[in-house]
Trainee: 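Take a look at this one; I'll ask things after.
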Amino acid sequence: MGYDVDVVNTVNFSNHSGYGHFGGTKTSAEELTRIFNLMQQTDVLIPDRLLTGYIPNAESLDSVHKLVKTLKTTKADLLYVLDPVLGDSGKLYVAENCVPLYRQMLPLATIITPNWFEVEVLTEIPLTDLTSLRAALHKLHKTYQVPNVVISSIPLSKLSTSLPSDLLPTSSMRPASSINGTNKPMGEEPTSLQTPANRSVLLLTILNGFKIVWPIFSKSLAYATSHALCKTHAILTLTHHSASTLSLPSSDDELDAREPGRKSRRMKGRELRIIQGQEIFRREAWDGVEKMGVWEGFWKD
């Protein structure tokens, strides 16, 4: 891909936890700190961009927090993408004492990418409608000073009564449909901007597809999110087509419980075809990328 990346694992597992059986180790806070310190001593810890994801406990998260503060002190314009992996569908994947630490890290981030549940946890605002969603975004932008927010996995049922008609799904909707509220191409600046320092992108899940909306205009954020989402969808499509050629066991909890290797065979056949789909990631000009449209009037009551 052309990027020189230093990878530090927070966990080392035998396989994805979706297989049902897995094992391995979690990198301790002491080990993480030692790795970071040695990278600094050898002058290899000089990133232009930083991405952090799953961190299982508060001690390790604190070690990462200290690293981010150090890097931001020496390089104020460091682009930091914070994925606050807390959980999903009402369930935490990490220890509860990680939550206040993530709140402390929010002001350091350039972009955060929480899902619906993680926004609720971080802001302490239950997301039940468009009004509460606005309040949560306002808190992230103003209280926590996060300039760019991308929220994923928003269930349409939460917002359906509040959405403009042009954002609702239609019978002819493609699996990946964009919302084009302004009918302007990606590179064209809208005539009216709202608080350009704060930008939000919402990813609405609709049936088996998705729609993309961005209530505040930012060409770079919209462009990057469009490519990331549409290329992910392309990888999922490739994986689905590949898996459909195999004779995989169907999803059945009772049969899986009776036959130990059944779930593993199914999961192995459904592993993401990332290596086989490298050309998808390498594309720069690609007509498969959907353009985003501005959600006009999002910030209005």
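Note that the structure is a prediction, hence the values are computed from the model and not measured.
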Trainee: Walk me through it: do Y144 and R103 pass the test side-chain contact (heavy atoms from CB on, under 4.5 Å)?
Mentor: CA-CA 8 Å; Y144 291 110; R103 291 192 185 115; 3.2 Å; yes
Trainee: Indicate if M267 and L272 have the same hydrophobic cluster label, given that clusters are the connected sets of ILVMFWY residues with side-chain heavy-atom separations under 4.5 angstrom.
Mentor: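 In one cluster: no.
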Trainee: With a 3.5 Å distance limit and no angle check, can you tell me whether E120 reaches the backbone of L127 through a side-chain donor-acceptor pair?
Mentor: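 Confirmed, E120 side chain pairs with L127 backbone.
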Trainee: With K139 as reference, evaluate I125, L122, V119, L106 under the side-chain contact (heavy atoms from CB on, under 4.5 Å) test and give the passing residue.
Mentor: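 That would be I125.
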Trainee: Can V81 and L79 be said to form a side-chain contact (heavy atoms from CB on, under 4.5 Å), step by step?
Mentor: CA-CA 7 Å; V81 180; L79 195 158; 3.6 Å; yes
Trainee: CG of L67 to CG of L71: how many Å apart, nearest 0.5 Å?
Mentor: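 The CG atom of L71 is 4.5 Å from CG of L67, to the nearest 0.5 Å.
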Trainee: Give, for atom NE2 of H141 and atom CD1 of I112, the distance between the pair rounded to the nearest 0.5 Å.
Mentor: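 So the gap between those two atoms works out to 8.0 Å.
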Trainee: Out of curiosity, does L246 fall in the hydrophobic cluster containing L236 (side-chain heavy atoms, cut-off under 4.5 Å, transitive links)?
Mentor: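 No, because L236 and L246 fall into different hydrophobic clusters, even though each may have its own neighbours under 4.5 Å.
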Trainee: T10 side chain to Y54 main-chain N or O, any donor-acceptor pair under 3.5 Å?
Mentor: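 Confirmed, T10 side chain pairs with Y54 backbone.
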Trainee: Do T52 side-chain atoms and L82 backbone N/O form a donor-acceptor pair below 3.5 Å?
Mentor: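 Checked: no pair found.
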Trainee: Is it true that F13 and V94 fall in one hydrophobic cluster, defined by side-chain heavy atoms closer than 4.5 Å?
Mentor: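 Yes, F13 connects to V94 through the hydrophobic network.
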Trainee: Within this structure, what is the NE2-OG1 distance for the pair H65 and T70, rounded to the nearest 0.5 Å?
Mentor: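 One gets 10.0 Å once the value is rounded to the nearest 0.5 Å.
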Trainee: Within the side chain of N148, is there an N or O that forms a donor-acceptor pair under 3.5 Å with the backbone of T110?
Mentor: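 Flag set: sc N148 to bb T110 pair under 3.5 Å.
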Trainee: Identify whether I235 and I275 are in the same connected component of the hydrophobic contact network (ILVMFWY, side-chain heavy atoms under 4.5 Å).
Mentor: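 I235 does not cluster with I275.
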Trainee: Is there a donor-acceptor pair closer than 3.5 Å between any side-chain N or O of T27 and the backbone N or O of N9?
Mentor: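 A pair under 3.5 Å: yes.
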Trainee: Give me the one residue out of D62, V64, V68 that meets side-chain contact (heavy atoms from CB on, under 4.5 Å) with K66.
Mentor: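 Going through D62, V64, V68 one by one, the side-chain contact (heavy atoms from CB on, under 4.5 Å) with K66 is satisfied by D62 alone.
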Trainee: Does a side-chain heavy-atom distance below 4.5 Å link T113 with S152?
Mentor: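 When only atoms from C-beta onward are counted, S152 and T113 do not touch, as no gap falls below 4.5 Å.
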Trainee: Which heavy-atom pair separates K75 from D48 by the least distance, and what is that distance?
Mentor: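 Result for this residue pair: CE-OD1, 3.3 Å.
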Trainee: Using modelled atom types and a 3.5 Å cut-off, is there a donor and acceptor pairing between side-chain atoms of E259 and backbone atoms of D256?
Mentor: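 No; zero donor-acceptor contacts below 3.5 Å.
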Trainee: Please say whether more than 12 non-hydrogen atoms of neighbouring residues, nucleotides or ligands are located less than 6.0 Å from CG in D4.
Mentor: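 No, CG of D4 has 12 or fewer neighbouring heavy atoms, counting only those of other groups under 6.0 Å.
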Trainee: Sort out for me which residue in R283, R282, Q276 forms a side chain to side chain donor-acceptor pair (under 3.5 Å) with E279.
Mentor: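 It is R283, the one option of R283, R282, Q276 that forms the side chain to side chain donor-acceptor pair (under 3.5 Å) with E279.
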Trainee: Atom NE2 of H233 and atom NE2 of H240: how far apart are they, to the nearest 0.5 Å?
Mentor: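 The distance works out to 10.0 Å.
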Trainee: Mind checking the CG-CD1 spacing from L140 to I151? Nearest 0.5 Å is all I need.
Mentor: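 If I round to the nearest 0.5 Å, the distance is 6.5 Å.
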Trainee: So does N115 get a backbone contact from the side chain of E118, meaning a donor-acceptor N/O pair under 3.5 Å?
Mentor: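 Yes; judged by distance alone, with no hydrogens or angles, the pair exists.
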Trainee: Distance check, rounded to the nearest 0.5 Å: R265 atom CZ versus L248 atom CG?
Mentor: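 The distance works out to 9.5 Å.
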Trainee: Has the side chain of T42 got a donor or acceptor atom that lies under 3.5 Å from a matching backbone atom of L38?
Mentor: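 Such a contact is found between T42 side chain and L38 backbone.
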Trainee: Within the distance-only criterion (no hydrogens, no angle test), does the side chain of S244 pair as donor or acceptor with the backbone N or O of H241 below 3.5 angstrom?
Mentor: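 Present.
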Trainee: So, the side chain of D6 versus the backbone of I46: is there a donor-acceptor pair under 3.5 Å, distance only?
Mentor: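 Looks like no, no N/O pair under 3.5 Å.
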Trainee: Got L108 and K69 here, is their nearest side-chain heavy-atom distance under 4.5 Å?
Mentor: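 Touching, per the 4.5 Å side-chain cut-off.
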Trainee: Evaluate the criterion side-chain contact (heavy atoms from CB on, under 4.5 Å) for residue pair R262 and D252; output intermediate values, then yes/no.
Mentor: CA-CA 9 Å; R262 192 173 184 277; D252 189 310; 4.0 Å; yes
Trainee: Are side-chain heavy atoms of K268 and Y19 found at a separation under 4.5 Å?
Mentor: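 A side-chain contact under 4.5 Å exists here.
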